[in-house]
Amino acid sequence: AFKQALARTPSDSELVRVLEYLESQRTTFAASPDDALKVVPQPAAGVAPAEAAAWTMVARVLLNLDEFITRE
């Protein structure tokens, strides 16, 4: 996802931060399945709503980075 959004490999620190955020979102949505379904009302077949919601939140972060929005 990082490479697709930003056309580069993440640095080690960026990778750690994204993975930590993903894990925190997995924990949050696993504890609140109703919130996960608010983020992703119809997850893909075979994908748990909490997992789909966590990845959706990671995608939102990446797509809202200044580096993604602004071309220099």
Side-chain angles (χ1 to χ4, degrees):
F2 197 99
K3 283 183 178 182
Q4 288 294 319
L6 304 177
R8 67 176 179 83
T9 303
S11 69
D12 290 342
S13 64
E14 290 170 329
L15 181 59
V16 166
R17 290 181 74 183
V18 169
L19 292 175
E20 286 174 348
Y21 182 70
L22 173 61
E23 192 56 38
S24 75
Q25 293 304 295
R26 283 176 170 153
T27 301
T28 298
F29 288 119
S32 182
D34 289 340
D35 287 342
L37 288 172
K38 289 177 186 175
V39 174
V40 184
Q42 295 179 338
V47 178
E51 186 70 8
W55 277 103
T56 298
M57 298 307 290
V58 169
R60 287 178 176 178
V61 166
L62 293 174
L63 297 177
N64 279 294
L65 291 173
D66 184 63
E67 185 177 347
F68 178 80
I69 296 170
T70 306
R71 186 188 318 191
E72 294 183 20

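Everything numeric in this text was worked out from a predicted model, so none of it was measured.
Residue pairs meeting the side-chain hydrogen bond (donor to acceptor under 3.5 Å, both in side chains) criterion with at least one partner in residues 46-63, sequence neighbours excluded, are R26-E51, E51-W55. Residue pairs that meet the side-chain hydrogen bond (donor to acceptor under 3.5 Å, both in side chains) test with at least one member in residues 34-47, sequence neighbours left out, are S32-D35.
Hydrophobic clustering of Ile, Leu, Val, Met, Phe, Trp and Tyr side chains at less than 4.5 Å, counting indirect connections, keeps V16 apart from V61. Put simply, V47 and L22 are part of two different groups of oily side chains (I, L, V, M, F, W, Y) that touch within less than 4.5 Å, one to the next.
Note that CD of Q4 and CG of L63 are 11.0 Å apart. Values are rounded to the nearest 0.5 Å. Atom CE of M57 sits about 9.0 Å away from atom OG1 of T28, to the nearest 0.5 Å.
With sequence neighbours excluded, the residues that form a side-chain contact (heavy atoms from CB on, under 4.5 Å) with L15 are P10, L19. The side-chain contact (heavy atoms from CB on, under 4.5 Å) test applied to S13 returns S11, not counting sequence neighbours. Partners of A53 according to the side-chain contact (heavy atoms from CB on, under 4.5 Å) rule, which considers only residues two or more places apart in sequence or in another chain, are F29, A36, V39, V40.
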side-chain contact (heavy atoms from CB on, under 4.5 Å) assessment of T9 paired with F2
CA-CA 7 Å; T9 303; F2 197 99; over 6 Å; no
Step-by-step side-chain contact (heavy atoms from CB on, under 4.5 Å) determination, R8 to E14:
CA-CA 11 Å; R8 67 176 179 83; E14 290 170 329; 2.8 Å; yes
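Closest heavy-atom contact between P33 and A30: CD-O, 3.9 Å.
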